Amino acid sequence: MSASAVAPEQWSSWTWQMQHRIRSADDLAQWVEPSEDERRAVALLADRFHFVITPYYASLMDRDDPECPIRRQVVPRTAELADPDGVADPLDEVAHSPVKNVIRVYPDRIAFCVNNECALYCRYCLRKRMVGEPDWAMKKRELAEALAWIRRTPEIRDVLLTGGDPLVFSDERLEWLLAELRAIPHVELIRLGTRLPVTLPFRVTDGLCRTLERFHPLWLNTHFNHPRELTPEAAAACDRLSRAGIPLGNQSVLLRGVNDDADTMKALCEGLVRMRVRPYYCYQAQLLEGTEHFRVPIERGVELFRRLRGRTSGFAIPQYVLDTPYGKVPLDYPYLKGREGDDVVVESYDGRIWRERNPLQERDPA
Ligand code: SF4
């Protein structure tokens with residue numbers, strides 16, 4: 001199977017893509033040559049975590065290489081069964097929920113998991129406990145209860161709509177939700193967290209953009225992990241969003257065998273910048289069940305981002321972070337070495353030491 005085997009108007013229809021998603025090893029075999037391990041994993045993990053892929057994303061896979069960075073992200077492997085340290089909810093999100101699917105870690109902002117569905121399911125998904133699970137679906141009554149909580153909580157000035165993926169909603173449902181939020185005077189900012197520009201870029205229709213641009217200020221973070229995902233279709237989707245006035249950021253995850261080398265990360269970040277998408281965060285993969293084979297030691301991650309510093313535009317380098325139940329922690333190389341007398345000592349990107357006169361305390365101008 002290939003994209004050229006499908007009529008172009010079907011291929012570029014997001015509803016056609018959703019209806020024709022890959023859900024079994026036999027479906028997968030139409031796109032790639034599944035390895036024995038992949039076939040076994042699809043069967044063994046069927047009850048643990050959903051296996052669903054859009055035909056568009058499947059078309060990016062290498063047919064013969066199970067180590068393909070696109071394939072690794074979405075096709076199960078038996079390695080998921082061996083992970084003694086992984087837990088279901090590493091950020092303790094359930095304990096941070098004042099009302100169903102609202103996660104509050106910071107005083108002034110929330111993640112609002114409005115939807116439990118995605119176009120496809122990433123094997124390393126932080127919310128694998130809930131995505132695709134009917135118990136976590138939000139009925140309209142439950143969405144209304146969450147909105148009521150936001151209405152009576154005036155400290156909340158920033159609402160991230162996430163999931164699952166909020167853009168899996170129909171335009172009408174999204175419009176209703178955005179209008180409800182915009183009618184709350186203390187909600188200054190609405191953010192969307194969506195992977196659809198990556199996994200189903202045809203969802204970003206002109207109609208959707210016309211709906212979104214009515215609710216500014218609206219920001220959007222998407223989730224590209226590998227340069228191979230930066231296709232013309234994805235670039236066109238990001239362009240439509242940018243033209244609707246929506247600032248675009250990217251939140252990737254550092255994943256072993258996908259993007260854990262400096263050259264791949266640099267190509268990803270520079271490609272994003274060319275598409276006017278600002279690399280924002282790169283997350284350390286969490287201690288999440290079934291994902292040990294994806295995790296990279298933090299020291300190696302720090303070194304990877306150090307290798308980008310000075311070798312590409314500063315705004316092409318995302319902040320490498322560890323998310324914790326207490327909030328995000330930046331994982332920076334220690335360029336600031338300390339104080340020597342009246343000087344502060346710093347290290348440049350290429351390892352040279354610089355001493356800069358630095359006042360011990362601020363003085364009022366005479
Ligand atoms: S798109 Fe995001 S929420 Fe959905 S499965 Fe992937 S990582 Fe999880």
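None of these values were measured; they are calculated from a predicted model. Just follow the structure's listing: the first ligand is 1, and inside any ligand the first atom is 1.
The protein non-hydrogen atom at the shortest distance from atom 8 (Fe) of ligand 1 is C125 SG, 2.3 Å. Closest protein heavy atom to atom 3 (S) of ligand 1: C118 SG, 3.6 Å. Shortest contact from atom 6 (Fe) of ligand 1 to any protein heavy atom: C122 SG, 2.4 Å. The nearest protein atom to atom 2 (Fe) of ligand 1, hydrogens excluded, is given as H223 ND1, 4.5 Å; this is a heavy-atom distance. Scanning all protein heavy atoms for the shortest distance to atom 1 (S) of ligand 1 gives R195 CB, 3.6 Å.
Side chains of W14 and L208 form no contact here, defined as non-hydrogen atoms less than 4.5 Å apart. A heavy-atom distance below 4.5 Å is not found between the side chains of F305 and D332.
Residue-ligand proximity, L120 to ligand 1, at heavy-atom distances under 4.0 Å covers atoms 5 (S).
A donor-acceptor contact under 3.5 angstrom links the side chains of Q73 and N225, judged on distance only.
Looking at R300, R307, R295 one by one, the single match for salt bridge (charged side-chain N to carboxylate O under 4.0 Å, His left out) with D260 turns out to be R300.
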* Asked: For K328 and Y106, what are the C-alpha separation, side-chain angles and deciding distance, and is it a side chain to side chain contact (heavy atoms under 4.5 Å, CB included)?
  -> CA-CA 10 Å; K328 293 180 188 64; Y106 305 99; 3.8 Å; yes
